[in-house]
Protein chains: 2
Amino acid sequence: MNIKEASEKTGVSSAAIRYYEKESLIPPIDRTAVGNRDIDDRIIRRITFVTQMRAAGMSIENLRRYIELFDAQEDNTKEQKSLLQEQLSVMEEKRDDLQAAIDHLNYKLNHFYDHMETTEEELRELERQHADKVAQKTTEDSDESNNAY
Amino acid sequence: MNIKEASEKTGVSSAAIRYYEKESLIPPIDRTAVGNRDIDDRIIRRITFVTQMRAAGMSIENLRRYIELFDAQEDNTKEQKSLLQEQLSVMEEKRDDLQAAIDHLNYKLNHFYDHMETTEEELRELERQHADKVAQKTTEDSDESNNAY
DNA sequence: TTAAACCTTCATGTGTACTTCAAGGCAAGC
DNA sequence: GCTTGCCTTGAAGTACACATGAAGGTTTAA
């Protein structure tokens with residue numbers, strides 16, 4: 001598959017794919033006889049992984065370091081696991097922050113005033129609701145949002 | 001409160017606060033007799049809101065348009081609501097993408113091989129797990145992660 | 001009264017993550 | 001044989017979101 005097809009398949013621009021290869025976010029790509037990139041499914045999966053991590057807010061630099069460790073020949077399973085664990089924590093915190101922002105907007109939508117400033121009382125109620133939510137994790141699917149999770 | 005205190009209170013740099021004011025992400029800030037910014041809790045809340053939306057991935061430009069509509073004198077409650085709804089959808093999708101990436105990493109962590117490439121079979125299993133998760137929303141708190149929500 | 005520690009505006013610099021441009025090569029169809 | 005459409009590398013340009021620097025003002029403390 002040439003770079004254009006790979007671009008269409010992944011939604012990542014050709015230039016970005018070249019850039020990712022140069023930055024070692026994906027492995028060196030095989031070339032055809034005339035020097036064109038010949039992209040296989042392994043590369044496609046790596047591009048998809050990079051896209052996912054980028055969307056999760058990981059910088060190119062961190063992602064490069066990250067991948068470097070995983071691609072190394074040495075068996076550094078321990079470090080790899082703790083690195084994964086670390087990244088997972090970051091992403092979970094990010095997800096929770098995002099959820100808090102979603103709750104905030106949902107609150108605004110449900111208690112709609114004529115301006116968007118959140119008052120002290122509203123903030124206190126939000127905090128209360130948040131505490132409730134964390135406390136009684138049993139009572140899921142309360143009423144407000146169409147949560148997918 | 002002066003800009004430095006506001007900066008410490010919000011975790012946003014003084015330069016960024018000035019920038020936000022210039023870009024109308026926060027309302028015009030009152031000045032003291034000598035021309036220094038005098039920041040009150042209303043501004044602090046707005047800065048916090050901006051921070052939250054920025055962390056949720058909203059660009060300065062979109063945030064500006066967004067806030068503009070809310071601050072307008074006219075009663076455009078309908079448009080405001082649909083704008084909120086729209087932004088909520090974007091954020092929920094982002095959260096779900098993030099969750100998918102978290103699931104992916106969790107999977108890697110639990111089925112640890114000597115490299116990080118996800119195979120076709122693994123991807124298929126991930127998809128299957130995801131389908132399960134969506135299907136039986138009742139069986140919450142499965143086993144894998146320390147979800148806050 | 002002079003230094004420290006704040007502040008102001010305006011202009012310019014910076015890092016990230018690409019995008020775009022320039023110059024050229026290969027293969028197919030007219 | 002020439003245009004079209006793909007590709008290559010390398011260099012330079014761009015957008016965003018601030019950070020930093022210059023030049024100057026005010027207040028407090030020694």
Side-chain angles (χ1 to χ4, degrees), chain A residues 1-40 43-44 46-68 87 90 94 97 101, chain B residues 1-40 43-44 46-68 87 90 94 97 101:
Chain A
M1 162 181 5
N2 67 21
I3 199 168
K4 205 195 179 202
E5 291 166 319
S7 166
E8 281 157 6
K9 202 162 186 178
T10 58
V12 176
S13 76
S14 300
I17 293 174
R18 293 197 192 96
Y19 174 71
Y20 288 164
E21 187 190 14
K22 202 165 142 209
E23 294 298 316
S24 305
L25 299 188
I26 54 182
I29 302 173
D30 290 343
R31 308 301 157 117
T32 64
V34 298
N36 290 6
R37 285 174 183 78
D38 186 17
I39 298 174
D40 60 18
I43 302 293
I44 294 288
R46 289 291 288 259
I47 293 170
T48 303
F49 179 74
V50 168
T51 305
Q52 217 170 38
M53 291 302 131
R54 293 282 304 119
M58 204 178 197
S59 72
I60 297 288
E61 174 65 8
N62 279 341
L63 196 45
R64 199 186 48 67
R65 277 201 276 258
Y66 193 79
I67 285 171
E68 219 165 56
Q87 179 58 18
V90 170
K94 207 152 199 158
D97 286 351
Chain B
M1 164 182 2
N2 67 22
I3 200 168
K4 204 194 181 203
E5 291 166 320
S7 166
E8 281 158 6
K9 202 163 187 177
T10 58
V12 175
S13 76
S14 300
I17 293 174
R18 292 196 193 97
Y19 174 71
Y20 288 164
E21 187 190 13
K22 202 165 141 209
E23 295 297 316
S24 304
L25 299 189
I26 54 181
I29 301 172
D30 290 342
R31 309 299 159 116
T32 64
V34 298
N36 290 5
R37 284 173 184 78
D38 186 17
I39 297 174
D40 60 18
I43 302 292
I44 294 288
R46 289 290 287 258
I47 294 171
T48 304
F49 179 74
V50 168
T51 305
Q52 218 170 38
M53 292 301 129
R54 294 282 303 119
M58 202 176 197
S59 72
I60 296 289
E61 173 64 8
N62 278 341
L63 195 45
R64 201 187 46 67
R65 278 202 275 259
Y66 193 81
I67 284 171
E68 219 164 55
Q87 178 58 18
V90 171
K94 206 152 201 161
D97 287 350

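Not measured: the values here are computed from a predicted model. Naming: A, B, ... by sequence-line order, numbering from 1 per chain.
- Rounded to an integer number of Å, the gap from CD1 of A/I3 to P of D/dG5 is 19 Å.
- A search for side-chain contact (heavy atoms from CB on, under 4.5 Å) contacts involving A/A56 returns A/M91, B/L98, not counting sequence neighbours.
- One finds a side-chain N or O of A/R37 lying less than 4.0 angstrom from the OP1 or OP2 phosphate oxygen of D/dT8.
- In terms of the salt bridge (charged side-chain N to carboxylate O under 4.0 Å, His left out) criterion, residue partners of A/R65 (sequence neighbours excluded) are, by chain and number, A/E61.
- For the pair A/I43 and A/D40, the minimum side-chain heavy-atom distance is below 4.5 Å.
- Scanning both residues, B/K4 and B/S14, for their nearest heavy atoms gives CA-OG, 4.2 Å.
- For A/A16, the side-chain contact (heavy atoms from CB on, under 4.5 Å) partners at least two apart in sequence or on another chain are A/V12, A/S13.
- Set against D/dC18, D/dC7, D/dT8, the side chain of A/R31 has D/dT8 as its closest nucleotide.
- Along DNA chain C, the nucleotide nearest A/E61 and the nucleotide nearest B/N2 are compared for position; the residue whose nucleotide lies closer to the 5' end is B/N2.
- Relative to the side chain of B/V34, the nucleotides D/dA17, D/dC6, D/dT26 differ in distance, and D/dT26 lies closest.
- Rounded to whole Å, atom C1' of D/dT8 lies 13 Å from atom CD1 of A/I39.
- Residues that satisfy the salt bridge (charged side-chain N to carboxylate O under 4.0 Å, His left out) test with A/E5, not counting sequence neighbours, are absent from this structure.
- Of all heavy-atom pairs between B/I39 and B/I29, the closest is CG1-CG2, 3.8 Å.
- For the pair B/I60 CD1 and D/dA19 C1', the computed distance is 14 Å after rounding to whole Å.
- In this structure, B/S59 reaches the sugar-phosphate backbone alone: every heavy-atom distance under 4.0 Å involves primed, P, OP1 or OP2 atoms, never a base.
- Partners of B/E68 according to the side chain to side chain donor-acceptor pair (under 3.5 Å) rule, which considers only residues two or more places apart in sequence or in another chain, are B/R64.
- Scanning DNA chain C 5' to 3' for nucleotides with an atom closer than 4.0 angstrom to a non-hydrogen atom of chain B gives a first and last hit of C/dC6 to C/dT9.
- For the segment residues 10-22 of chain B, residues with any heavy atom less than 4.0 angstrom from an atom of DNA chain C are, sorted by number, B/R18.
- Comparing the end axes of the helix from C/dT1-D/dA30 to C/dC30-D/dG1, each fitted to five base pairs by superposing C1' atoms of four pairs onto the next four, gives an inter-axis angle of 20° (nearest 10 degrees).
- Applying the side-chain hydrogen bond (donor to acceptor under 3.5 Å, both in side chains) definition to pairs two or more places apart or across chains, those involving residues 22-36 of chain A are A/E21-A/R31.
- Residues A/D97 and B/Q52 have side chains not in contact (no heavy-atom distance under 4.5 Å, counting atoms from C-beta outward).
- Side chains of B/I44 and B/M1 form a contact here, defined as non-hydrogen atoms less than 4.5 Å apart.
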